[in-house]
Amino acid sequence: MLPSNLAGEDADFRLILVGKSRGGKSATGNTILGQRAFDSILAVRNTTLRCQKGQGTWRGIKISVVDTPGIFDSDNYTEIVRHDIMACVQLSWPGPHALILVTQVGRFSAEDAAAAMYVRDIFGPESARHTIVLFTCLGDLGGDPLEEYVQKSDNRNLQDLIWQCRNRYCGFNNKATGAERERQVSELMEMVQRVVFENGGRYYVNQLYLESNLRDEHVKRFVEQNRNACQRFSHPILDLLWLVLGNPLAKRLFSRLRNAVVVVYRYLFS
């Protein structure tokens, strides 16, 4: 991670909602802020058409939440998508304290797994160190603990994502109100605080946040570098090793080693 100011010097916590479209990002943003800051309706089409920022408070601390459109639905990073990426950077400047990857309980599909990869394309491989997985539709568990659902899941893509994010996850029922909503938000924000602490008291910064005059060419080059780095170390032998490593601790160590190699590659060849 590139140098940044200590989180304690900031006046707020900055969060970015990431993940595939129609996964509940806007509703989650409204739950965090305790107000209807973003349009959120049950629809076939994506209701968020551009990056937006809403603000609220938690325990007297200002929270800024950036909601994102469908920039994680495809690896076709067109000029329009790159413009949305620039808007996201500008709204979350000088850098987010956490990326909140939103998905639905029991519905982590291939699209969700692809969206998680596109998050790394857009924000860089080190962004996983600042990412929290947030499950919506918590009520679908019928009262069963979220931890039990995650631990017993046989969804390899989901398990990989949880390990990459250092086992950071929580759940929301976006219909909750009052004390239950406050409890959910507190669980998330306390996790955000731990993320900042674990990263040396710093928020996340990549090269895009350091550009004094961010332009389309900067975004295009940065995304290509991240894609090439991930593809360079996506090899069938590595995938086979990942598959046969049955011990959860071994998988976690292997994931960290793989991410570290990607970071070193970017440093040496970018």
(request) Check for a donor-acceptor pair, side chain of R168 on one end and backbone N or O of R129 on the other, with a separation under 3.5 Å. (result) yes
(request) Validate the cation-pi geometry between R14 and Y203: distance from NZ or CZ to the six-membered ring centre under 6.0 Å, angle to the ring axis within 45°. (result) yes
(message) Restricting to ring pair (Phe, Tyr, Trp, His ring centres under 6.0 Å), what partner residues turn up for F72, sequence neighbours left out?
(response) none
(message) Listing request: all salt bridge (charged side-chain N to carboxylate O under 4.0 Å, His left out) pairs with a residue in residues 91-103, at least two apart in sequence or in separate chains.
(response) none
(request) Any pair with a residue in residues 78-105 that passes salt bridge (charged side-chain N to carboxylate O under 4.0 Å, His left out), sequence neighbours left out, goes on the list, sorted by first then second residue, please. (result) R82-D216
Heavy-atom side-chain contact between [X] and [Y] under 4.5 Å:
X	Y	result
L161	L101	yes
H97	H130	no
N30	Q35	no

(request) Not counting sequence neighbours, which residues clear salt bridge (charged side-chain N to carboxylate O under 4.0 Å, His left out) with R181? List them please. (result) none
(request) Assess whether side-chain contact (heavy atoms from CB on, under 4.5 Å) is satisfied between T136 and L134, documenting all intermediate values. (result) CA-CA 7 Å; T136 62; L134 190 149; 3.9 Å; yes
(message) If we check side chain to side chain contact (heavy atoms under 4.5 Å, CB included) with I63, which of these qualifies: T57, I32, D12?
(response) I32
(request) Keeping to residues at least two apart or across chains, list the ring-ring contact (aromatic ring centres under 6.0 Å, His included) pairs with something in residues 136-157. (result) F135-Y149
(request) Kindly write out the residues that satisfy side chain to side chain donor-acceptor pair (under 3.5 Å) with Y209, not counting sequence neighbours, or none if the list is empty. (result) S92
